[in-house]
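What's counted below: heavy atoms across the whole structure, side chains too, no hydrogens, waters or symmetry copies.
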Amino acid sequence: QVQLVESGGGLVQAGGSLRLSCAASRRTFSSFTMGWFRQAPGKEREFVAAITWSGGTTYYADSVKGRFTISRDNSKNTVYLQMNSLKPEDTAVYSCAAQPRGRQIMNPSTYDYWGQGIQVTVSS
């Protein structure tokens, strides 16, 4: 079992930045691919970014490429999402998730463990 706890959300003006963190409870965190997803009111959950177990490969949704950066520190069992140049359409509940290696990266159904989610609101 892996417990994931997000932090760092909040309210920011358009053009601003936020850094989300996701702390994992398990020592084998380093063996998991980690992803960030978001869900806005009335919309389906969508993929934002993911990072492989070593941090060597990252994936991004087209809507956040060039603005968001995912990273991880396996010594701290933590994955980060640096969000820059935020837009009102980035407003959503952001959740981190973990999956064993080798599964489809962008499909939320392939992730076994989820955090509770954290609100990010970008005002115009």
Is the shortest distance from a Lys or Arg side-chain nitrogen in Asp90 or Lys87 to a carboxylate oxygen in the other one below 4.0 Å?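 Here Asp90 does not pair with Lys87 in a salt bridge, since their nearest N and O are not under 4.0 Å apart.
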Closer than 3.5 angstrom, by distance alone: can the side chain of [X] be matched with the main-chain N or O of [Y] as a donor-acceptor pair?
X	Y	result
Tyr60	Ile70	yes
Arg67	Ser85	yes
Arg72	Thr52	yes
Glu6	Gly117	yes

Can you give me the closest heavy-atom contact between [X] and [Y], atom names plus distance?
X	Y	result
Ala14	Ser124	CB-CA, 4.4 Å
Thr78	Ser21	CG2-CB, 4.3 Å
Met34	Val79	CE-CG1, 4.0 Å
Gln99	Ile105	OE1-CD1, 4.1 Å
Asp112	Pro100	OD2-CD, 3.4 Å
Val5	Gln116	CA-OE1, 3.9 Å

Test side chain to side chain contact (heavy atoms under 4.5 Å, CB included) on Arg38 and Leu81 and set out the steps. CA-CA 12 Å; Arg38 67 186 182 187; Leu81 185 67; over 6 Å; no
Heavy-atom side-chain proximity of [X] to [Y] below 4.5 angstrom:
X	Y	value
Tyr80	Thr69	no
Val122	Met83	no
Thr91	Gln119	yes
Phe68	Leu18	no
Val93	Arg45	no

Quick one: do Trp53 and Phe47 end up in the same hydrophobic cluster if we chain Ile, Leu, Val, Met, Phe, Trp and Tyr together by side-chain heavy atoms under 4.5 Å apart? no
Can the ring centres of Phe37 and Tyr111 be said to be less than 6.0 Å apart?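 Yes, the ring of Phe37 comes within the 6.0 Å limit of the ring of Tyr111, centre to centre.
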Can you tell me if CD on Glu46 sees more than 12 non-hydrogen neighbours from other groups inside 6.0 Å?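 Yes, enclosed.
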Ring geometry between Tyr113 and Phe32 (parallel below 30°, tilted from 30 to 60°, perpendicular above 60°):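 Rings of Phe32 and Tyr113: perpendicular, as their planes differ by over 60°.
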Once you round to the nearest 0.5 Å, how far does OG of Ser25 lie from CG of Asn77?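 Output value for this atom pair is 8.0 Å.
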What residue among Ser31, Ser54, Ser30 forms side chain to side chain contact (heavy atoms under 4.5 Å, CB included) with Asn74?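 So, applying the side chain to side chain contact (heavy atoms under 4.5 Å, CB included) to Asn74 and each of Ser31, Ser54, Ser30, only Ser30 qualifies.
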